[in-house]
Student: 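Mind having a look at this structure? Questions to follow.
Throughout, residue positions are numbered sequentially from 1 according to the sequence presented. The figures here come from the full heavy-atom set of this structure, side chains too, leaving out hydrogens, waters and symmetry mates.
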Amino acid sequence: MSTAKAANTDNRVMTGADILVKSLVDHGVDVLFAYPGGCSMPLHQALTRFGDSIRTILPRHEQGGAFAAQGYARATGRVGVVMATSGPGATNLVTAIADAKLDSVPMVCITAQVPTGSIGSDAFQETPMVEVCRGITKHHYLVTSIKDLPRVMKEAFHIASSGRPGPVLVDLPKDVQLTDVANTDLDPPMDLPGYESSPPAVASETIRQLAAAIKLARRPVIYAGGGIILGNASEELREFINQTGIPTVTTVMGIGAVPPENENSMDWLGMHGAAYANYAVRDCDLLIALGVRFDDRVTGKVEAFAKDAKIIHVDIDGSELNKNKEAHIPVRGDVKQVLTELNKTVTRCDIDPWRKHCADLKAKYPFKYDTEFDGILQQHAIKTLSDITADMDTQITVGVGQHQMWAAQFYKFRRPRTWHSSSGLGTMGFGLPAAMGVQAALPNSLVIDIDGDGSFQMNVQELATCFCEELPVKVFLLNNQHLGMVVQWEDRFMEGNRAHTYLGPISHDLAKGPSDAERFAYADERYPDFVKIAQGYGCGAATVKKKGDLEAAIREMIAHPGPYVLDVEVPYQEHVLPMIPGGKTVDDMIMQ
């Protein structure tokens with residue numbers, strides 16, 4: 001045996017469970033979200049044998065644990081790890097795994113499995129997790145031999161974190177967890193034929209071609225997405241913008257890559273994005289797409305999207321090139337490397353008339369709301385929160401719905417990895433557990449979940465985790481008693497007919513069309529009582545109804561030493577604007 005080989009070999013007798021936990025330690029895992037069960041007990045017993053090497057956080061639902069692992073990964077860029085038992089424990093991870101796949105979040109998801117001899121027999125709590133997750137993971141393993149386990153774990157972390165990140169499933173039968181072996185090579189060579197962890201460097205000739213196209217353009221727009229954040233390329237993007245002076249839009253996933261104060265920032269585009277961002281892309285003659293996938297929520301009617309523009313598309317994942325929108329110059333490459341090389345050659349573009357046009361658009365079509373409204377509008381609540389926390393080390397998670405879009409519109413994100421949103425899958429219930437994971441990763445940061453009452457209730461049980469694990473997450477709850485985004489679509493496209501979108505008691509079911517005055521009559525009888533719920537979990541809580549009380553209530557929430565729920569009463573009739581109806585174009589944008 002070579003010296004190097006000997007150095008990687010542990011001569012102790014180790015169980016499969018010990019090997020897996022030792023692998024987590026060796027890969028630098030410091031926080032694990034894990035919920036035990038019959039088939040995963042050996043793994044949890046092994047965790048107790050490794051002392052304080054890993055902080056194991058017990059969520060109150062496996063989905064909560066998986067979203068917490070996502071929060072950890074999104075905030076740090078490191079691999080998030082979640083563990084669940086077989087059967088229902090494992091299937092409870094599925095939504096969060098699909099969510100991570102669509103948003104390219106690096107995760108290792110460990111599920112226990114029934115013993116190998118029982119697989120396929122419909123044993124108690126058996127589910128075929130590899131088959132269930134085949135289409136929603138970057139890769140997946142069913143480990144049937146303890147000899148394969150060190151290699152599988154090494155490959156799982158490598159695949160999850162390299163190239164375009166994503167979730168990797170490791171399904172581990174109970175008998176493999178209990179089997180023991182000596183002289184284990186804990187750092188074996190990987191066996192990944194055909195897997196390219198990163199693309200080759202983009203050729204200098206291609207860089208020159210990109211630079212030439214940029215120089216010739218008279219109406220260029222940079223369209224930056226989540227790939228910028230994932231590729232840690234925000235600084236290179238900012239340098240590129242400052243050198244060229246090109247107006248820049250981002251996707252929802254790209255929020256934070258460009259500070260809103262940058263004179264070339266046009267904020268984010270898409271269905272509920274800035275009108276000025278959408279108009280700039282409509283009118284451009286060169287679209288420089290960096291780390292994006294031309295998602296339908298951005299493009300609307302895809303053939304009409306940037307229809308008069310030449311398109312440069314740079315992405316680390318070659319399968320995204322020409323998938324939804326054909327590019328004139330498709331480039332498979334690391335966006336950080338491409339921008340680094342471009343920054344060596346590009347100069348300020350001669351596009352002053354175009355810059356003025358974009359500035360005029362931004363002045364003419366700002367995000368706005370009724371500042372004279374007597375109560376608390378959602379937009380006002382979020383803007384006030386943004387203003388108060390502007391100089392704080394703040395991390396924001398969101399649920400899914402209207403509040404998510406308003407948070408993107410009215411909260412100012414100046415740094416990457418401070419905005420955490422379920423963007424591709426749009427999973428309600430994401431906000432609280434994701435905040436829990438962010439707080440575990442960044443214990444000194446102020447972590448706020450901007451949530452809606454519909455989303456919040458889907459994983460409300462994680463308040464117990466926040467209290468018991470001393471994770472001082474703040475929940476800024478915009479409570480309108482409705483599924484607000486669905487209500488908005490009912491109002492816009494279904495003649496206002498309410499179809500099970502009111503979240504109050506059946507006796508107050510207002511679907512049959514009472515007046516607004518009648519609906520507001522129930523304002524003081526809001527259901528459920530989120531203050532009592534939060535207090536029942538040991539958390540601080542308060543309700544705020546009056547506009548004049550909002551700022552003080554927010555400051556009280558922030559000052560509270562533990563987890564806290566601020567229930568903000570808001571109207572249900574407010575719509576997120578602008579809005580491009582699904583499948584329509586910028587010219588169909590609803591502005592009021």
Student: Check Lys412 with Glu261, please: is the shortest side-chain N to carboxylate O separation under 4.0 Å?
Tutor: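 Salt bridge: no.
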Student: So, Gln402 side chain and Glu574 main chain: donor-acceptor pair closer than 3.5 Å or not?
Tutor: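 Yes; at least one donor-acceptor contact below 3.5 Å.
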Student: What do the steps show when you test Asp99 against Val105 for side chain to side chain contact (heavy atoms under 4.5 Å, CB included), and what is the final call?
Tutor: CA-CA 8 Å; Asp99 192 286; Val105 178; 5.7 Å; no
Student: Using a 3.5 Å distance criterion without hydrogens, assess whether the side chain of Thr384 forms a donor-acceptor pair with backbone atoms of His380.
Tutor: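 The answer is yes, because a donor-acceptor pair under 3.5 Å joins these two groups.
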Student: Closer than 3.5 angstrom, by distance alone: can the side chain of Thr389 be matched with the main-chain N or O of Met392 as a donor-acceptor pair?
Tutor: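 No.
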Student: Between Glu469 and Arg55, is the salt bridge (charged side-chain N to carboxylate O under 4.0 Å, His left out) condition met? List the steps.
Tutor: CA-CA 10 Å; Glu469 295 285 344; Arg55 179 185 183 184; 3.3 Å; yes
Student: Where is the tightest heavy-atom contact between Pro416 and Arg238, given as atom of each residue plus distance?
Tutor: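 Smallest interatomic distance, heavy atoms only, reads CD-NH2, 3.8 Å.
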Student: Are Gln404 and Ser421 close enough that a side-chain donor and a side-chain acceptor fall under 3.5 Å?
Tutor: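 Side-chain D/A pair, Gln404 to Ser421: present.
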Student: Can you measure from CE (Met253) to CH2 (Trp268) and round to the nearest 0.5 angstrom?
Tutor: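 It is 13.5 Å, given to the nearest 0.5 Å.
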Student: Looking only at heavy atoms, what is the nearest atom pair of Ala66 and Ala96, with distance?
Tutor: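 Minimum heavy-atom contact is CB-CB, 3.3 Å.
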Student: Between Ser386 (side chain only) and Lys383 (backbone N and O only), is there a donor and an acceptor less than 3.5 Å apart?
Tutor: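 Side chain of Ser386 to backbone of Lys383, a donor-acceptor pair under 3.5 Å: no, none is there.
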Student: What do the steps show when you test Tyr369 against Trp406 for side chain to side chain contact (heavy atoms under 4.5 Å, CB included), and what is the final call?
Tutor: CA-CA 11 Å; Tyr369 62 93; Trp406 279 316; over 6 Å; no
Student: Looking at Ala407 and Ile450, what are the two nearest heavy atoms and their distance?
Tutor: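 Minimum heavy-atom contact is CB-CD1, 4.1 Å.
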Student: Show your working on salt bridge (charged side-chain N to carboxylate O under 4.0 Å, His left out) between Lys22 and Asp26 and close with a plain yes or no.
Tutor: CA-CA 6 Å; Lys22 180 65 166 61; Asp26 290 347; 2.8 Å; yes
Student: Are side-chain heavy atoms of Pro260 and Arg414 found at a separation under 4.5 Å?
Tutor: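 Answer yes - side chains close enough.
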Student: Keeping Asp529 on the side-chain end and Lys532 on the backbone end, is there a donor-acceptor pair under 3.5 Å?
Tutor: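 Side chain of Asp529 to backbone of Lys532: a pair is present.
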Student: Any heavy-atom pair between the side chains of Val79 and Pro165 that's under 4.5 Å?
Tutor: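 In short, these two side chains do not touch, never coming nearer than 4.5 Å.
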Student: If we only count heavy atoms from C-beta on, is the Phe467 to Leu463 side-chain gap below 4.5 Å?
Tutor: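 No, their side chains stay 4.5 Å or more apart.
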Student: How close do Ala90 and Thr111 get, counting heavy atoms only, and between which atoms?
Tutor: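 In terms of heavy atoms, the two residues are closest at CB-CG2, 3.7 Å.
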Student: Does the ring center of Phe67 lie less than 6.0 Å from the ring center of Phe430?
Tutor: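 Phe67 vs Phe430: aromatic centres under 6.0 Å.
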Student: Enter the distance from Asn480:CG to Glu569:CD here, rounded to the nearest 0.5 Å.
Tutor: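 It comes to 11.0 Å.
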Student: Could you tell me the separation between the NZ atom of Lys336 and the CG atom of Leu237, rounded to the nearest 0.5 Å?
Tutor: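 Those atoms lie 11.0 Å apart.
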Student: Could you check whether any side-chain heavy atom of Cys468 comes within less than 4.5 Å of a side-chain heavy atom of Arg60, counting everything from C-beta outward?
Tutor: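 In contact.
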Student: Does the side chain to side chain contact (heavy atoms under 4.5 Å, CB included) test come out yes or no for Tyr35 and His61, once each step is laid out?
Tutor: CA-CA 7 Å; Tyr35 201 101; His61 190 286; over 6 Å; no
Student: Between Tyr502 and His482, what is the ring plane arrangement, given parallel below 30°, perpendicular above 60°, and tilted in between?
Tutor: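 Geometry flag for His482 against Tyr502: tilted rings.
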Student: Using side-chain heavy atoms (C-beta onward) and a distance below 4.5 Å, is Leu385 in contact with Met557?
Tutor: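 They are in side-chain contact.
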Student: Do you know which two heavy atoms are closest between Phe50 and Asp18, and how far apart they sit?
Tutor: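 Heavy atoms only, the tightest pair is CZ-O, 3.8 Å.
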Student: Just checking, is any N or O donor in the side chain of Gln125 or Thr85 under 3.5 Å from an acceptor N or O on the other one?
Tutor: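 Thr85 and Gln125 do not have a side-chain donor-acceptor pair below 3.5 Å.
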Student: Using distance alone, with no hydrogens and no angle criterion, decide if Gln409 and His272 have a side-chain donor and acceptor under 3.5 Å apart.
Tutor: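 Checked: Gln409/His272 side chains show no N/O donor-acceptor pair below 3.5 Å.
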Student: Using a 3.5 Å distance criterion without hydrogens, assess whether the side chain of Gln481 forms a donor-acceptor pair with backbone atoms of Arg526.
Tutor: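 It does not hold such a pair.
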Student: Assess the residue pair Asp491 and Arg498 against the criterion (salt bridge (charged side-chain N to carboxylate O under 4.0 Å, His left out)); give the C-alpha distance rounded to whole Å, side-chain angles, the decisive distance to 0.1 Å, and a yes or no.
Tutor: CA-CA 9 Å; Asp491 287 344; Arg498 296 285 175 259; 2.7 Å; yes
Student: Between Thr501 and Tyr572, is any pair of side-chain heavy atoms under 4.5 Å apart?
Tutor: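 A side-chain contact under 4.5 Å is absent here.
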Student: More than 12 non-hydrogen atoms from neighbouring residues, nucleotides or ligands closer than 6.0 Å to CG on Asp391, yes or no?
Tutor: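 Counting other residues, nucleotides and ligands, CG of Asp391 stays at 12 neighbours or fewer.
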Student: Looking only at side-chain N and O atoms, does Asn262 offer a donor or acceptor that is under 3.5 Å from a partner on Asn242?
Tutor: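 A donor-acceptor contact under 3.5 Å links the two side chains.
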Student: To the nearest 0.5 Å, what is the distance between NZ (Lys101) and SG (Cys133)?
Tutor: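 Result: 12.0 Å between the selected atoms.
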Student: For Met428, does its backbone N or O pair with a side-chain atom of Ser455 as donor and acceptor, under 3.5 Å?
Tutor: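 Checking the backbone N and O of Met428 against the side chain of Ser455, no donor-acceptor pair under 3.5 Å is found.
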Student: Test your reading of the model: is there a side-chain donor-acceptor pair from Ser445 to the backbone of Val447, 3.5 Å cut-off?
Tutor: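 No.
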Student: CD1/Ile255 to OH/Tyr411 distance, rounded to the nearest 0.5 angstrom?
Tutor: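 One gets 12.5 Å once the value is rounded to the nearest 0.5 Å.
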Student: Under a 4.0 Å N-O cut-off, is there an ion pair linking Arg74 with Asp103?
Tutor: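 Looking at Asp103 together with Arg74, the answer is yes, because their closest N to O distance falls below 4.0 Å.
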Student: Should we count CZ of Phe476 as having more than 12 external heavy atoms under 6.0 Å?
Tutor: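 Enclosed: over 12 neighbouring heavy atoms sit under 6.0 Å from CZ of Phe476.
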Student: Test side chain to side chain contact (heavy atoms under 4.5 Å, CB included) on Leu172 and Leu20; report intermediate values, then the result.
Tutor: CA-CA 10 Å; Leu172 189 62; Leu20 185 141; 3.6 Å; yes
Student: To check you understand the geometry: which heavy-atom pair defines the closest contact between Gly273 and Asn278, and what is its length?
Tutor: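 For Gly273 and Asn278, the tightest heavy-atom pair comes out as O-ND2, 3.8 Å.
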Student: For Trp419 and Val252, indicate whether the former's side chain and the latter's backbone hold a donor-acceptor pair under 3.5 Å.
Tutor: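 Present.
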Student: May I ask you to test the Glu462-Pro59 pair for a side-chain heavy-atom distance under 4.5 Å?
Tutor: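 Glu462 vs Pro59: side chains touch.
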Student: Report the distance from atom CG of Leu169 to atom CD1 of Ile136, rounding to the nearest 0.5 Å.
Tutor: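 With rounding to 0.5 Å, CG (Leu169) is 8.5 Å from CD1 (Ile136).
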Student: Picking from Leu566, Val544, Ile448, Val568, what satisfies side chain to side chain contact (heavy atoms under 4.5 Å, CB included) with Ile554?
Tutor: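 Answer to the side chain to side chain contact (heavy atoms under 4.5 Å, CB included) test with Ile554 among Leu566, Val544, Ile448, Val568: Leu566.
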Student: Less than 4.5 Å apart, any side-chain heavy atom of Tyr564 and any of Glu556?
Tutor: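 Yes, their side chains come closer than 4.5 Å.
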Student: Just by distance, do the side chain of Lys474 and the backbone of Gly562 share a donor-acceptor pair under 3.5 Å?
Tutor: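 Side chain of Lys474 to backbone of Gly562: a pair is present.
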